[in-house]
Asks: 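First the structure, then my questions, so here it is.
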Amino acid sequence: MKNVLVTGAGGQLGRCFSKVSSEFPNFNFIFKTSQELDITDNQKIAEIFEKEQIAICINCAAYTNVEKAESETERAFEINANAVKNLAENCKKFDAILVHFSTDYVFNGKANQPYLETDMVEPINQYGASKLKGEEIIQQILSKFYIIRTSWLYSEFGHNFFNTIRKKAAEGAELNITISQKGTPTNANDLADFTLKILTLDKEHYGIYHFSNDGEANWYDFAREIIALSKNKTIVNASGFYKTLAKRPDYSVMSKSKISSSFGLEIPHWKVSLAGLIAEI
């Protein structure tokens with residue numbers, strides 16, 4: 001049985017790993033919230049790796065506030081890059097596999113077809129830049145890693161677009177949602193499940209991968225589908241512009257062909273996955 005450390009266990013993705021963990025009895029999970037394990041503390045990380053004999057580290061700890069990263073740039077880089085170096089160095093020292101999650105925001109959004117893992121990276125905001133730096137550090141230190149870029153994460157846990165839309169709809173608010181960005185909503189439960197299935201296969205196809213649900217949408221499409229599936233009569237208006245401090249890529253759909261062919265696992269369409277989650281909760 002392999003000991004698996006999950007950092008950032010109190011966040012959205014960490015909670016999704018906790019939710020699906022019982023389906024993977026071959027792993028002994030050690031969940032640590034950011035309060036229990038600050039990944040900027042290299043000594044604490046080393047102590048846990050040694051004490052628990054960690055075989056796999058799944059890093060769900062991250063600075064994810066895209067807007068605040070523009071003004072809290074140093075903090076974003078500290079968590080998304082410098083702290084990731086701590087994890088990578090300990091994985092190397094203890095011969096553990098590192099699983100790290102990155103973002104579609106490493107791309108500039110000027111493409112007109114789904115991004116491949118090999119496409120040029122050029123982040124246009126500080127959040128994307130900090131996540132890219134983390135990717136680069138891992139590749140410099142480790143050979144046994146999975147960097148999984150994902151997009152538009154949502155779940156029943158925490159603060160995200162899905163929960164915000166449902167809350168506003170329940171309050172009877174009319175919604176104005178932008179159509180200016182195209183990407184793919186991703187159920188974080190699917191990401192957690194898929195990641196653990198990859199690790200169970202033990203194929204050692206290390207490297208960078210893209211994972212999101214299948215298909216593409218803009219935020220208006222996503223909001224409208226949430227409202228329809230929730231059987232709510234809230235009015236959703238399409239808006240051409242939504243002012244933000246941080247620039248967002250206009251197009252950030254990612255190709256999943258590499259991850260599908262490498263591991264032979266099917267990825268559900270975002271509408272199917274969304275319907276499943278709403279039916280479940």
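Side-chain atoms are counted along with the backbone in the values below, which use heavy atoms only and exclude waters and symmetry mates. The shown structure was predicted, so the numbers you read here are calculated from the model rather than taken from an experiment.
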Asks: Are any of the side-chain heavy atoms of T186 and D190 separated by less than 4.5 Å?
Replies: no
Asks: Any side-chain heavy atom of L116 sitting closer than 4.5 Å to one from K258?
Replies: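 L116 vs K258: side chains apart.
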Asks: Ignoring hydrogens and angles, tell me if any N or O in the side chain of N213 forms a donor-acceptor pair with the backbone of P268 under 3.5 Å.
Replies: yes
Asks: Answer whether the closest heavy-atom distance between the side chains of L274 and K271 falls below 4.5 Å.
Replies: no
Asks: Is there a donor-acceptor contact under 3.5 Å linking the side chains of N90 and N42?
Replies: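 The criterion, which ignores hydrogens and geometry beyond distance, is satisfied for N42 and N90.
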Asks: Given the rule that I, L, V, M, F, W and Y join up when any side-chain heavy atoms are under 4.5 Å apart, are L265 and L196 in one cluster?
Replies: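 Yes, it is one cluster - the side chains of L265 and L196 are joined through contacts under 4.5 Å.
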Asks: Do the non-hydrogen side-chain atoms of C60 and V6 ever get within less than 4.5 Å of each other?
Replies: yes
Asks: Applying a strict under-4.5 Å side-chain criterion to I, L, V, M, F, W and Y, I'd like to know whether L191 and I56 cluster together.
Replies: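 Yes: a chain of side-chain contacts under 4.5 Å links L191 to I56.
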Asks: To the nearest 0.5 Å, what is the distance between OG (S130) and OH (Y63)?
Replies: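 Atom-to-atom, S130:OG and Y63:OH are 9.0 Å apart.
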Asks: Using 0.5 Å steps for rounding, measure from the SG atom of C91 to the CZ atom of F145.
Replies: 11.5 Å
Asks: Is the ring pair W152/W219 parallel, tilted or perpendicular, if the boundaries are 30 and 60 degrees?
Replies: parallel
Asks: Donor-acceptor pair, distance only, cut-off 3.5 Å: does the side chain of S21 make one with the backbone of S18?
Replies: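 Side chain of S21 to backbone of S18: a pair is present.
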Asks: Provide the closest heavy-atom pair for S212 versus S151 in the form atom of the first, atom of the second, distance.
Replies: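 Closest heavy-atom pair between S212 and S151: CB-OG, 3.5 Å.
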Asks: Name the one of T200, T195, D193 that satisfies side chain to side chain donor-acceptor pair (under 3.5 Å) with K197?
Replies: D193
Asks: Got a second to check how far T184's OG1 is from H269's NE2, nearest 0.5 Å?
Replies: 8.5 Å
Asks: To check you understand the geometry: which heavy-atom pair defines the closest contact between A88 and L142, and what is its length?
Replies: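 For A88 and L142, the tightest heavy-atom pair comes out as O-CD2, 3.5 Å.
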Asks: Of all the heavy-atom pairs spanning I259 and I198, show the shortest one and how long it is.
Replies: CD1-CD1, 3.9 Å
Asks: Check each of I39, I30, T7 against C57 using the side-chain contact (heavy atoms from CB on, under 4.5 Å) test, and report the only one that passes.
Replies: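 So the option named by the test is T7.
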Asks: Do L37 and F49 share a hydrophobic cluster (ILVMFWY, side-chain heavy atoms under 4.5 Å, transitive)?
Replies: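 Yes, L37 connects to F49 through the hydrophobic network.
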Asks: Taking the side chain as every heavy atom from C-beta outward, state whether Y209 and S260 have any atom pair closer than 4.5 Å.
Replies: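 Y209 does not reach S260 side chain to side chain.
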Asks: Would N80 and K133 count as a side chain to side chain contact (heavy atoms under 4.5 Å, CB included) here? Give the steps.
Replies: CA-CA 8 Å; N80 291 342; K133 186 64 176 176; over 6 Å; no
Asks: Could you give me the CA-CA distance, side-chain angles and deciding distance for R224 and D221, then say whether side chain to side chain contact (heavy atoms under 4.5 Å, CB included) is met?
Replies: CA-CA 5 Å; R224 193 173 57 173; D221 297 329; 3.9 Å; yes
Asks: Which value, rounded to the nearest 0.5 Å, describes the distance between N189 atom CG and F194 atom CZ?
Replies: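 Reported value, rounded in 0.5 Å steps: 15.0 Å.
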Asks: Using a strict 4.0 Å threshold on nitrogen-to-oxygen distance, state whether K19 and E280 make a salt bridge.
Replies: yes
Asks: Counting only heavy atoms not in Q43, do more than 12 sit closer than 6.0 Å to its CD atom?
Replies: no
Asks: Are any non-hydrogen side-chain atoms of N187 and Y154 less than 4.5 angstrom apart?
Replies: yes
Asks: Compare all side-chain heavy atoms of Y146 with those of L199 and state whether any distance is below 4.5 angstrom.
Replies: yes
Asks: Does a side chain donor of either T234 or N232 reach within less than 3.5 Å of an acceptor in the other side chain?
Replies: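 Side-chain D/A pair, T234 to N232: present.
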Asks: I need the minimum non-hydrogen distance between F211 and K256, along with the two atoms involved.
Replies: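 F211 and K256 have their closest heavy atoms at CA-CG, 4.1 Å.
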Asks: Take atom NZ in K93; do more than 12 heavy atoms of anything else shown fall under 6.0 Å from it?
Replies: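 12 or below, so no.
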Asks: Decide yes or no for Y105 and N125: does some side-chain heavy atom of the first lie under 4.5 Å from some side-chain heavy atom of the second?
Replies: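 Side-chain contact under 4.5 Å: yes.
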Asks: Which atoms form the tightest heavy-atom contact between Q126 and T73, and what is the distance?
Replies: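 Answer, listing the atom of Q126 first, then T73: OE1-CG2, 3.2 Å.
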Asks: How far apart are the C-alpha atoms of Y115 and V121, what are their side-chain angles, what is the distance that settles it, and do they pass the side chain to side chain contact (heavy atoms under 4.5 Å, CB included) test?
Replies: CA-CA 10 Å; Y115 281 101; V121 287; over 6 Å; no
Asks: How about NE2 on H159, more than 12 heavy atoms from neighbouring residues, nucleotides or ligands closer than 6.0 Å, or not?
Replies: no
Asks: Can you tell me if CD on E136 sees more than 12 non-hydrogen neighbours from other groups inside 6.0 Å?
Replies: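 Check passes, neighbour count above 12.
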Asks: Might you work through the side chain to side chain contact (heavy atoms under 4.5 Å, CB included) test for Q139 and I147, ending with a clear yes or no?
Replies: CA-CA 9 Å; Q139 292 174 86; I147 293 171; 4.1 Å; yes
Asks: Go through E67 and R248 one step at a time and tell me if the salt bridge (charged side-chain N to carboxylate O under 4.0 Å, His left out) criterion holds.
Replies: CA-CA 10 Å; E67 286 292 276; R248 263 78 165 174; 2.5 Å; yes
Asks: Tell me whether L201 at atom CG has more than 12 heavy atoms from other residues, nucleotides or ligands lying less than 6.0 Å away.
Replies: yes
Asks: If we count only N and O atoms by modelled type, under 3.5 Å, do the side chains of R15 and S155 hold a donor and an acceptor together?
Replies: no
Asks: Does F29 have its ring centroid less than 6.0 Å away from the ring centroid of F17?
Replies: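 Between F17 and F29, which both carry aromatic rings, the centre distance is not below 6.0 Å.
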Asks: Above 12 or not: heavy atoms from other molecules or residues under 6.0 Å from NZ of K203?
Replies: yes
Asks: Look only at the side chain of S273 and the backbone of W270, and say whether a donor-acceptor pair between them is shorter than 3.5 Å.
Replies: no
Asks: Quick one: pull up NZ in K168 and CG in L175 and give me the separation to the nearest 0.5 Å.
Replies: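 Here the rounded value is 7.5 Å.
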Asks: Taking the inter-plane angle between the rings of F222 and F161 on a 0 to 90° scale, is it parallel (under 30°), tilted (30 to 60°) or perpendicular (over 60°)?
Replies: parallel
Asks: Consider only side-chain heavy atoms of I, L, V, M, F, W and Y, link residues closer than 4.5 Å, and tell whether L153 and L277 are in one cluster.
Replies: no
Asks: Taking only Lys NZ, Arg NE, NH1 and NH2, and the carboxylate oxygens of Asp or Glu, determine whether E47 and K44 approach each other closer than 4.0 Å.
Replies: no
Asks: Would you check if there is a donor-acceptor pair between the side chains of S252 and D104 at a distance under 3.5 Å?
Replies: yes
Asks: In terms of hydrophobic clustering (I, L, V, M, F, W, Y; side-chain heavy atoms under 4.5 Å; direct or indirect links), are V66 and I124 co-clustered?
Replies: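 No, V66 and I124 fall in different hydrophobic clusters.
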Asks: Distance from I97 atom CD1 to I58 atom CD1, nearest 0.5 Å?
Replies: 10.0 Å
Asks: Between K131 and F101, which heavy-atom pair has the shortest distance, and what is it?
Replies: NZ-O, 2.8 Å
